[in-house]
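Side chains are part of it too, since the values below use all heavy atoms of this structure and drop only hydrogens, waters and symmetry mates.
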Amino acid sequence: MTSAASHSADIVIVGGAVMGSSAAYHLLADSGFKGRVIVVEKDPTYQLSASALSAASIRQQYSSAVNIRISLYGIQFLRGIGDHLAVEGERPEIGLKEGGYLYCASDAGEQVLRENQALQAAEGADILFLKPDELKSRFPWLNVEDLAAGTWGRSGEGWFDGWGLLQAFRKKARSLGAEYVKGEVAEIERDGGTITAVRLKDGTRIACGTLVNCAGSGGRALAAMAGLDIPVQAKRRYVFTFACKDPVENCPLLIDTSGAYVRPEGEGHFICGASPEADLDPDWFDADPASQEIDHAFFEEFIWPSLAHRVPAFEAIRPGRAWSGPYDMCLLDHNAIVGRAGELKNFYLCNGFSGHGLQQAPAIGRGLAELIVHGGYRTLDLADLGYERVLANRPLLERNVI
C-alpha cells in the first residue's frame, strides 16, 4: 500500500475488495483510458470483507435476464482467469469446480422453477428441469418424496476460491498502475452536482475527477456523505462447516425448499448456510464485534434438520468451524445498484450485491469501466441495475434469492 501523498487522481475508487479491484483492473486495461487510479481501502487484510468471507460460488439460475447474462460472462472469465489476470507469466488459480446448483421445489414452487428455467435456457444457460424420478436417478442420496421438481446447472455453475479471485484482480490492477491507499473516507467534497475530492480520517485530501463507491458494507454511509440515501443495509450471514462419513457423490450446491443450502468443500466435507426470516435478520457493523457473533442455534435448529431431511446421510455429521460475514443487501429488490448516481455526474455506485458480488465482479467491473471511460455500456447493458430504478421505486424483482 502506498500513501496518498500526491493528493489527486482521475478516478478514486473507495473499496479495494473484489468489486473495487475489478473496476480498477478494467479501467486500466481499457485502451481508451490513460488516467490515474487510486483505490482507497480501509483494511488491506480484507478480514471483514464479503469477498473473503462468502461461500464463493457462481450460478446462472436467476429470474432476470441481466443477472443471467452477467453470470454467463462471469463463468467464461473465471474459466480463463489464467489468461486474463496473469502477471509477468504468473497465472492465478482459483480452483473453479463446475458442480452445478440444484434448486429443489415443492408443488408450490414448481411453476416458478419451470418459468425460470425457460428464461435461463433462452439466454443460453445450460440448466436442466428435472422431475423427481430424474433427480433420484442423478442424485441417489437425495430425498425426493416431497419434491415436485428441481433445476440443475449441468455446466457453467459451481464454486471457487473467492480469496484467490480478489487477490488476482488486485495484483493485476496494481501491475497496470493502480495505487492502493490505506485509509477510510471521512468526508466527500461537492461543488453542486460534482464530486471534487474525498478526505480521509487521517486528514489526507484526494482530489478526484470521478468517484466510485465500491465500499461494500460501508457503501450506504459513503453514499450519504455525497447526499444520497441508497437502500442498502449490511446484514450478517453465517457459514457453517461439517464432515459426513457416508458418501454423497457428485453433490452440487443444493438449495433446499426450506432455503438452506449446502455444497462440498473437499472430500467428505461441506459448507452450508441460509438466510434468516426478514424479521429475524441481524445487521452487520464492521466496528461492532457483537454484530458479528455466530448464532450456532440457527445451524442446530434450522439448517441441520432441513439438510438432514433432504439428504438422509447428513443425519450423522461432525460439525466443524463456522464464521460470519457481511451481506450487503439491497432492500429494494435484492439486486445490485450499479451506475451513475443520478444528478451527481461523476459519482458512480457499485453497491448492494446481496450475496452475488464475487460472481458478478468480472461483468460489473467491465461495465463500470465502459460507462466511465466511454459514457455508455459497450458489451453488456447493465441499465436494468441503474440507480434510476431506486429513484422511481421500480424494483427489479428476483425470484431466485438465496
Side-chain angles (χ1 to χ4, degrees), residues 54-62 68 71-72 74-76 78-79 81 93-106 109-110 113-114 116-117 120-121 124-162 164-165 239-274 299 303-320 358-359 400 402:
S54 83
S57 52
I58 182 167
R59 60 181 166 113
Q60 275 78 55
Q61 293 192 60
Y62 290 95
I68 298 169
S71 282
L72 284 171
I75 193 64
Q76 293 297 334
L78 296 183
R79 287 168 176 165
I81 192 171
E93 293 284 347
I94 59 168
L96 176 63
K97 170 67 174 177
E98 293 187 43
Y101 272 59
L102 174 61
Y103 273 86
C104 298
S106 62
E110 177 181 3
L113 277 196
R114 189 182 296 276
N116 289 349
Q117 189 272 338
Q120 293 150 10
D126 187 17
I127 311 299
L128 303 183
F129 183 88
L130 304 173
K131 296 297 287 182
D133 58 337
E134 297 170 301
L135 289 169
K136 194 67 175 179
S137 176
R138 287 183 181 273
F139 310 109
W141 38 262
L142 187 69
N143 174 18
V144 301
E145 291 180 358
D146 57 346
L147 296 183
T151 49
W152 172 60
R154 181 166 51 187
S155 65
E157 297 188 318
W159 48 92
F160 55 91
D161 178 1
L165 179 63
V239 179
F240 299 94
T241 70
F242 65 87
C244 178
K245 67 177 182 178
D246 292 334
V248 182
E249 296 179 352
N250 301 315
C251 183
L253 194 157
L254 184 153
I255 301 97
D256 183 46
T257 54
S258 64
Y261 74 84
V262 64
R263 73 160 172 84
E265 182 75 352
E267 187 68 28
H269 294 267
F270 299 84
I271 67 173
C272 62
F299 172 78
I303 296 175
W304 184 9
S306 297
L307 296 180
H309 169 72
R310 188 60 53 212
V311 183
F314 291 160
E315 291 178 359
I317 63 170
R318 185 176 72 253
L358 278 168
Q359 63 186 283
N400 276 8
I402 302 175

Task: Euclidean distance, S106 OG relative to L147 CG, rounded to 0.5 Å - done: 8.0 Å
TODO: Quick one: pull up SG in C251 and CZ in F270 and give me the separation to the nearest 0.5 Å.
DONE: 5.0 Å
Task: Heavy-atom pair of closest approach, residues T257 and C104 - done: CG2-O, 3.5 Å
TODO: Report the distance from atom CZ of F139 to atom CD of E134, rounding to the nearest 0.5 Å.
DONE: 11.0 Å
Open item on the list: Ignoring hydrogens, what is the shortest heavy-atom contact between C272 and L307? Give both atom names and the distance.
Closed with: CB-CD1, 3.7 Å
Task: Near-ring test Y261/Y101, centroid separation under 6.0 angstrom - done: no
TODO: Report the distance from atom CD of Q359 to atom CG of L165, rounding to the nearest 0.5 Å.
DONE: 11.0 Å
Task: Closest heavy-atom pair and its distance - I271, A55 - done: CD1-CB, 4.0 Å
- [ ] Show your reasoning for whether side-chain hydrogen bond (donor to acceptor under 3.5 Å, both in side chains) applies to Q61 and T151.
- [x] CA-CA 8 Å; Q61 293 192 60; T151 49; 2.6 Å; yes
Task: Gap between atom CZ of R263 and atom CG of L102 - 0.5 Å precision - done: 15.0 Å
Open item on the list: If I compare all heavy atoms of I127 with all of G153, which pair ends up nearest, and what's the gap?
Closed with: CD1-CA, 3.6 Å
Task: Short side-chain to backbone donor-acceptor contact, Q60 and S71, under 3.5 Å - done: yes
TODO: Check whether any side-chain heavy atom of V248 sits under 4.5 Å from a side-chain heavy atom of F314, and report yes or no.
DONE: yes
Open item on the list: For F299 and W304, take the angle between the two ring planes, folded into 0 to 90°, and tell me which bin it lands in: parallel under 30, tilted 30 to 60, perpendicular over 60.
Closed with: parallel
Open item on the list: Does atom CG (D146) have a neighbourhood of more than 12 heavy atoms from anything else shown, all under 6.0 Å?
Closed with: yes
Task: Sidechain-backbone polar pair: W141 side chain, E249 backbone, donor-acceptor under 3.5 Å - done: yes
TODO: Kindly compute the distance separating CG (L78) from CG (L358), expressed to the nearest 0.5 Å.
DONE: 9.0 Å
Task: Heavy-atom side-chain contact between L254 and R310 under 4.5 Å - done: yes
TODO: Measure across D246 and A313 and return the closest heavy-atom pair with its distance rounded to 0.1 Å.
DONE: CB-CB, 4.0 Å
- [ ] Might you confirm whether atom NZ of K97 has over 12 heavy atoms from other residues, nucleotides or ligands at distances under 6.0 Å?
- [x] no
Task: Non-hydrogen atoms of L135 and A149 that approach each other most closely - done: CD1-C, 3.9 Å
Open item on the list: One thing to verify: whether E110 and K131 come together as a salt bridge, which I'm taking to mean a side-chain N less than 4.0 angstrom from a carboxylate O.
Closed with: yes
Task: E93 atom CD, neighbour heavy-atom count above 12 within 6.0 Å - done: no
- [ ] Is it possible for you to check whether R59 lies under 6.0 Å from the centre of the six-membered ring of Y62, through NZ or CZ, and within 45° of that ring's axis?
- [x] yes
Open item on the list: Ignoring hydrogens and geometry beyond distance, is a side-chain donor-acceptor pair present between H309 and D256 at under 3.5 Å?
Closed with: no
TODO: Would you indicate whether the side-chain heavy atoms of E98 and I75 approach each other to under 4.5 Å?
DONE: yes
Open item on the list: Set out, in order, the CA-CA distance, both residues' side-chain angles and the distance that settles side chain to side chain contact (heavy atoms under 4.5 Å, CB included) for I81 and L96, then state yes or no.
Closed with: CA-CA 10 Å; I81 192 171; L96 176 63; over 6 Å; no
- [ ] Tell me, yes or no, whether the heavy-atom count around R79 atom CZ, taken from other residues, nucleotides or ligands under 6.0 Å, exceeds 12.
- [x] yes
